[in-house]
Amino acid sequence: AMTDRDYSHAIELFRQAIAHAPQDGALRIRLGQAYLWSQQYDASIQTFKKLYADQPDNLAALQELGNAQMNAARYEDAVATFQTYLQHSPDPAIRLKLAQAFSDGGKYADAIPVYQEVLQNDPDNFIASLGLAQVYAWHGDLTKALELYNALLVQKPGNREVLLGKAKAL
């Protein structure tokens with residue numbers, strides 16, 4: 001049902017399976033994802049919150065909770081969720097998600113050092129470089145934004161997002 005994008009059917013099937021195996025974290029994650037993909041953000045968030053409450057060592061539930069919060073434009077909640085995750089595990093992908101949650105929520109001054117930290121550990125991270133360039137532009141530091149956009153164009157000439165960002169920063 002998920003591959004056919006019949007999310008309501010997938011949700012029903014996952015709920016039935018969970019009724020028989022309520023502690024199966026993988027099933028509960030798939031249920032939360034089905035809610036998320038069907039844009040039932042509150043149900044998705046509640047599914048992941050309950051799973052994490054029931055299984056506090058389940059970092060996948062925490063990651064999915066942050067993703068659902070981002071999709072629901074609950075950026076402050078996503079920031080808190082990703083920060084909690086990082087207290088348990090220093091995952092660079094989650095650090096990048098934290099930077100994105102800060103920037104999507106308009107907290108540019110908070111996003112900048114997180115993007116910089118990601119790039120310090122992974123200088124070729126295109127997504128982090130693009131995010132930092134965008135934040136510099138939104139924050140009004142056009143010189144730094146243009147430097148990054150130019151460097152990104154060397155990495156990926158003709159990249160649409162980079163070209164649009166650079167054009168807006170000019």
Side-chain angles (χ1 to χ4, degrees), residues 2-3 7 10-11 14 18 21-139 141 144-145 147-149 151-152 155-156 159 161-162 165:
M2 292 280 277
T3 56
Y7 300 122
I11 288 167
F14 284 126
I18 290 166
Q23 291 305 311
D24 188 326
L27 282 175
R28 293 168 70 185
I29 285 195
R30 298 292 286 163
L31 174 63
Q33 289 171 332
Y35 282 130
L36 180 61
W37 296 336
S38 66
Q39 298 181 348
Q40 296 180 52
Y41 301 125
D42 289 336
S44 178
I45 289 168
Q46 290 311 311
T47 299
F48 294 128
K49 276 186 177 179
K50 181 158 178 18
L51 176 56
Y52 183 64
D54 293 346
Q55 300 176 3
D57 293 333
N58 190 332
L59 292 182
L62 204 53
Q63 178 178 353
E64 292 296 337
L65 173 59
N67 292 339
Q69 291 164 329
M70 289 283 290
N71 277 283
R74 296 181 189 168
Y75 303 116
E76 288 184 23
D77 293 341
V79 163
T81 297
F82 293 138
Q83 286 174 327
T84 299
Y85 184 106
L86 290 168
Q87 290 171 357
H88 296 284
S89 175
D91 185 330
I94 300 302
R95 190 158 309 284
L96 178 58
K97 287 179 180 282
L98 174 61
Q100 291 168 323
F102 276 133
S103 63
D104 289 353
K107 305 277 187 181
Y108 307 134
D110 294 323
I112 290 170
V114 180
Y115 277 123
Q116 289 171 331
E117 184 179 345
V118 170
L119 288 167
Q120 182 178 342
N121 295 319
D122 182 6
D124 296 326
N125 189 315
F126 179 82
I127 294 169
S129 294
L130 179 60
L132 183 58
Q134 290 168 333
V135 168
Y136 278 142
W138 298 331
H139 197 248
D141 194 339
K144 287 183 181 175
E147 285 175 13
L148 273 170
Y149 283 128
L152 287 168
Q155 246 184 329
K156 292 194 177 192
N159 180 281
E161 278 191 86
V162 177

| task | Keeping to residues at least two apart or across chains, list the side chain to side chain donor-acceptor pair (under 3.5 Å) pairs with something in residues 97-107. | result |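 Non-adjacent pairs meeting side chain to side chain donor-acceptor pair (under 3.5 Å): N67-K97, S103-Y115.
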Give, for atom [atom1] of [X] and atom [atom2] of [Y], the distance between the pair rounded to the nearest 0.5 Å.
X: L96; Y: D122; atom1: CG; atom2: CG; value: 9.0 Å
X: L27; Y: F14; atom1: CG; atom2: CZ; value: 7.0 Å
X: Q46; Y: Y35; atom1: CD; atom2: OH; value: 11.0 Å
X: N125; Y: Q120; atom1: CG; atom2: CD; value: 13.5 Å
X: I11; Y: W37; atom1: CD1; atom2: CH2; value: 11.0 Å

Contacts satisfying salt bridge (charged side-chain N to carboxylate O under 4.0 Å, His left out) that involve residues 78-95 (not counting sequence neighbours) are R95-E117
Here the salt bridge (charged side-chain N to carboxylate O under 4.0 Å, His left out) pairs for residues 59-87, sequence neighbours left out, are D42-R74
May I have the list of side-chain donor-acceptor pairs in residues 49-62 shorter than 3.5 Å, sequence neighbours left out?
unit_1	atom_1	unit_2	atom_2	d
K50	NZ	D54	OD2	3.1
Y52	OH	H88	NE2	3.3
D54	OD2	R28	NH1	3.4
D54	OD2	R28	NH2	2.7
Q55	OE1	N58	ND2	3.0
Q55	NE2	Q23	O	2.9
N58	OD1	A60	N	3.2
N58	OD1	A61	N	3.0

Measure across [X] and [Y] and return the closest heavy-atom pair with its distance rounded to 0.1 Å.
X: S129; Y: P123; result: OG-O, 4.4 Å
X: A68; Y: L36; result: CA-CD1, 3.8 Å
X: A145; Y: A137; result: CB-N, 3.6 Å
X: G66; Y: A78; result: O-CB, 3.9 Å

| message | For the backbone of A34 and the side chain of S38, can you confirm whether one donor and one acceptor N or O come within less than 3.5 Å of each other? | response | yes
* Given the rule in the side chain to side chain contact (heavy atoms under 4.5 Å, CB included) test, do F82 and M70 qualify, once you have shown the distances and angles that lead to the verdict? -> CA-CA 10 Å; F82 293 138; M70 289 283 290; 3.9 Å; yes
Evaluate the side-chain proximity of [Y] to [X]: yes if any heavy-atom separation is below 4.5 Å, no if none is.
X: V162; Y: K156; value: no
X: K144; Y: Y149; value: no
X: Q69; Y: Y75; value: no
X: V79; Y: L98; value: yes
X: T81; Y: F48; value: no

Those residues at least two apart in sequence (or on a different chain) that pass ring-ring contact (aromatic ring centres under 6.0 Å, His included) with Y108 are W138
So L31 and I18, side chain to side chain contact (heavy atoms under 4.5 Å, CB included) or not? Walk me through it.
-> CA-CA 9 Å; L31 174 63; I18 290 166; 3.7 Å; yes
Sorted by chain and number, sequence neighbours left out, side chain to side chain donor-acceptor pair (under 3.5 Å) with Q83 holds for none
* Do other residues, nucleotides or ligands put more than 12 heavy atoms under 6.0 Å from I127 CD1? -> no
